[in-house]
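Inspection log for the structure reproduced underneath, given as structure tokens.
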2 protein chains.
Amino acid sequence: MSTDNERTPRGTVRTITDLARIAGVSPGTVSRALAGKSLVNTKTREKIEAIAREHGFRPNQMASGLRRQKTGVIGVVIPLGHDTRQQISDSFFMTLLGYLADELTREGYDLMLRRVVPETDADWLDRFIGSGMIDGVIVIGQSDQFDRIEDVADGYLPMVVWGNHTEGQRHCVVGTDNRLGGRLAAERLIAAGASRLAFLGDTKPMEFAARYAGAQDIAARMGVPIVALPTHLSPDHAGEEIARHLGDHAGNIDGIFAATDTLAALCLTALRERGIAVPDDMRLVGFDDLPIARQTVPPLTTVRQDIAAGARGLVDLLLRRLAGESTESLVLPPNLVIRQSA
Amino acid sequence: MSTDNERTPRGTVRTITDLARIAGVSPGTVSRALAGKSLVNTKTREKIEAIAREHGFRPNQMASGLRRQKTGVIGVVIPLGHDTRQQISDSFFMTLLGYLADELTREGYDLMLRRVVPETDADWLDRFIGSGMIDGVIVIGQSDQFDRIEDVADGYLPMVVWGNHTEGQRHCVVGTDNRLGGRLAAERLIAAGASRLAFLGDTKPMEFAARYAGAQDIAARMGVPIVALPTHLSPDHAGEEIARHLGDHAGNIDGIFAATDTLAALCLTALRERGIAVPDDMRLVGFDDLPIARQTVPPLTTVRQDIAAGARGLVDLLLRRLAGESTESLVLPPNLVIRQSA
DNA sequence: AGGAATCTTGCAAACGTTTGCAAATTTCCC
DNA sequence: GGGAAATTTGCAAACGTTTGCAAGATTCCT
């Protein structure tokens with residue numbers, strides 16, 4: 001259609017007032033015309049729209065935001081609790097972020113991403129919310145900031161958190177039923193022949209703690225032992241730590257539930273190096289069902305989180321809260337995906 | 001220190017004027033005090049700061065942005081050219097995004113992420129820039145929008161693009177020397193014993209085209225044939241497409257240069273399924289050196305891009321441009337990482 | 001044709017900061 | 001102690017939009 005935007009004097013028309021002058025109307029009318037309000041004459045509107053198009057005019061969002069007291073921007077914040085370094089590049093969070101971007105875009109919102117280190121900045125959440133730059137906030141991962149989030153939740157409605165659901169908590173959370181996931185994983189390990197289990201991963205973050213607890217449920221019920229092998233997530237350290245664990249617990253375990261597919265993949269490499277056959281000598285179950293789970297050798301049996309559904313849930317609940325509704329949390333069911341590692 | 005923010009009447013003090021009233025000074029003074037200007041008496045400043053802290057006051061960024069004509073926000077936009085679906089979850093871009101978030105945070109900027117589909121929205125770049133919401137923009141990937149970006153570059157300084165550098169282009173770009181990378185890959189394949197090469201990946205995007213061109217350089221010089229096996233990036237289709245390619249070209253090739261580690265990993269799976277031994281029957285080289293490259297079986301030989309350095313370069317150049325400087329493009333050297341697939 | 005009902009428009013006051021300018025206060029020096 | 005210099009404050013005008021209110025223009029009806 002109008003591919004003639006190369007001949008326009010860019011920047012001539014910067015404000016709605018400039019445009020109004022050219023069109024011979026008042027700024028108010030221009031504003032209404034561009035906003036598509038019904039109060040303006042069709043003829044006038046068309047003229048204004050034409051001029052706007054011709055000059056490539058866009059109303060200033062800052063000014064608009066200030067006046068309307070809303071910005072059309074949703075804040076997405078990733079608190080880096082323990083493993084400060086580059087947890088943000090964690091595959092799972094990044095994938096979730098991708099889906100979030102999709103969903104928010106579809107709903108007409110922009111996404112402001114912020115990475116915070118709560119330890120050096122206790123005030124991270126209030127700062128973000130109080131900035132006036134965002135209409136609502138999505139927190140990706142509770143990390144070790146559960147209390148801080150609870151504090152804020154009482155006074156600030158438009159916030160939704162990705163993470164673990166705890167009985168009686170006050171903030172609205174979307175997440176997988178980690179405990180159930182842990183149960184599925186342990187059941188599978190045992191069904192595949194394991195009788196001495198291990199949980200590989202940091203047990204302090206809530207999500208992981210719940211996964212471990214689920215596995216413990218089953219271990220207790222079936223009368224098999226389970227031990228936790230604490231491991232950091234950062235890929236540099238994780239490799240060595242896993243190798244060390246495998247050394248320490250040599251023949252004492254025959255089934256590993258890894259807190260994450262990423263850890264599971266690293267574990268698989270370490271197992272191969274030690275010549276331990278999977279799944280014959282060692283059963284291994286991961287968590288997440290990231291793309292990598294399909295590509296390891298052998299392919300990973302894992303507990304699937306539906307990331308797309310999670311993102312949709314987060315956005316959906318947030319929009320409802322923006323509209324004033326006070327929503328319940330959403331707990332998504334995990335799904336055991338059986339491949340060849342257990 | 002002051003952990004007493006639970007007893008503060010949140011929201012009592014919303015504006016700088018409220019705060020001024022309490023402190024018994026004028027709004028202007030409060031503004032100056034909070035901004036740390038030297039023009040305000042130390043005593044006064046301290047009083048104001050104390051009150052601000054006590055009430056958890058934060059100046060409204062929208063208003064500030066409007067007045068100062070700068071927002072402290074950098075836009076990061078990912079144009080999804082061909083493979084519309086979820087290219088945004090592509091590992092490489094996501095990793096780069098993670099590093100960008102780190103760098104921008106360090107420099108005190110926020111990051112506004114936008115995902116656009118140029119085909120349905122020809123105006124994507126102007127819209128983002130003209131929104132008044134961002135001080136500058138980083139474009140991740142030229143996709144098929146080279147011309148549009150060039151158009152904008154003439155009139156808008158604070159823009160830096162991740163992508164491929166072409167002789168004489170007008171926009172400032174940061175990226176790996178893809179052609180050289182392609183050469184390294186092809187050389188390695190041949191050195192590892194390959195004599196009939198293939199390039200696996202879409203050859204239309206500039207970066208990939210350059211990688212292919214580099215491989216062709218070497219193939220021509222060494223007198224070996226090379227064929228392109230066009231493949232989409234979306235992980236759902238890629239798997240089948242690769243399998244089909246392998247079927248079609250059964251015995252005709254013995255060395256594959258994959259445009260991406262992700263593709264290489266998929267290719268490895270497909271090769272295993274067909275019982276083709278790597279590297280004995282087939283040599284394989286990837287590109288990027290993502291974490292996955294270390295974990296495949298066998299581990300991938302690949303051409304490394306220094307993503308962290310790329311992010312640093314992007315931010316550094318952008319800041320210089322924000323300061324009015326007109327910077328040159330930055331081309332980073334690729335590095336061949338030899339593992340076991342070739 | 002006259003007046004009521006309906007559409008369109010303009011006016012001007014917000015939204016919450018920042019900042020140039022000038023006034024008020026303090027400090028300093030002889 | 002008197003005045004100049006330096007420091008600290010307040011005033012008020014921006015920044016660019018939106019919107020309630022009222023005035024002006026049209027339409028419609030009898």
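Small disclaimer: the values here were computed from a predicted structure and weren't measured. Note on naming: letters A, B, ... go to the chains in the order of the sequence lines (proteins, then strands), and numbering restarts at 1 for each one.
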Inset, instruction - Determine whether the side chains of A/R320 and A/T327 contain a donor N or O and an acceptor N or O closer than 3.5 Å. - result: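 Checked: A/R320/A/T327 side chains show no N/O donor-acceptor pair below 3.5 Å.
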
Inset, instruction - Say whether B/T105 and A/R115, considering side chains only, have a donor N or O and an acceptor N or O under 3.5 Å apart. - result: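 No donor-acceptor contact under 3.5 Å links the two side chains.
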
Could you please name the option among [options] that lies closest to any side-chain atom of [X]?
X     : options                : answer
A/T17 : C/dT17, D/dC15, D/dT17 : D/dT17
B/K37 : C/dG16, C/dT19, C/dT17 : C/dT19
A/N60 : C/dT9, D/dT17, D/dT18  : D/dT17
B/F57 : C/dC15, D/dT17, C/dT17 : C/dT17
B/N41 : D/dT17, C/dT9, D/dT8   : D/dT8
B/R32 : D/dT18, D/dG16, C/dC21 : C/dC21

Legend entry - Criterion side-chain contact (heavy atoms from CB on, under 4.5 Å) on B/E207 and B/Q142, from CA distance to verdict: CA-CA 8 Å; B/E207 287 106 313; B/Q142 290 146 326; 4.2 Å; yes

How close or far is atom [atom2] of [N] from atom [atom1] of [X], stated in whole angstroms?
X     : N      : atom1 : atom2 : answer
A/K70 : D/dT17 : NZ    : P     : 18 Å
B/L39 : C/dT26 : CG    : C1'   : 15 Å
A/I16 : D/dA14 : CD1   : P     : 19 Å
B/R68 : C/dT18 : CZ    : C1'   : 8 Å
A/R21 : D/dG16 : CZ    : P     : 12 Å
A/I48 : C/dT8  : CD1   : C1'   : 11 Å
A/L34 : D/dT19 : CG    : P     : 13 Å
B/L66 : C/dC15 : CG    : C1'   : 9 Å

Output yes when at least one side-chain N/O atom of [X] is less than 4.0 Å from OP1 or OP2 of [N], else no.
X     : N      : result
A/T15 : D/dG16 : no
A/T29 : C/dT9  : no
B/S64 : C/dT18 : yes
B/Q69 : D/dA14 : no

Inset, instruction - Remember a base hit wins even if backbone is also touched, and classify A/K43 as base, sugar-phosphate or nothing at under 4.0 Å, heavy atoms. - result: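 Here A/K43 touches no strand at all.
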
Inset, instruction - Would you classify B/S31 as touching base, sugar-phosphate or nothing, given that sugar-phosphate means primed atoms plus P, OP1 and OP2, and contacts are heavy atoms under 4.0 Å? - result: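 The answer is base, as B/S31 lies within the cut-off (heavy atoms under 4.0 Å) of a base atom.
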
Legend entry - Side-chain donor/acceptor of A/R67 to base of D/dT17, under 3.5 Å: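 Such a pair does not exist between side chain and base.
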
Any ion pair linking [Y] and [X] (charged N to carboxylate O, less than 4.0 Å)?
X      : Y      : result
A/D102 : A/R312 : no
B/D18  : B/R21  : yes
A/D126 : B/R58  : no

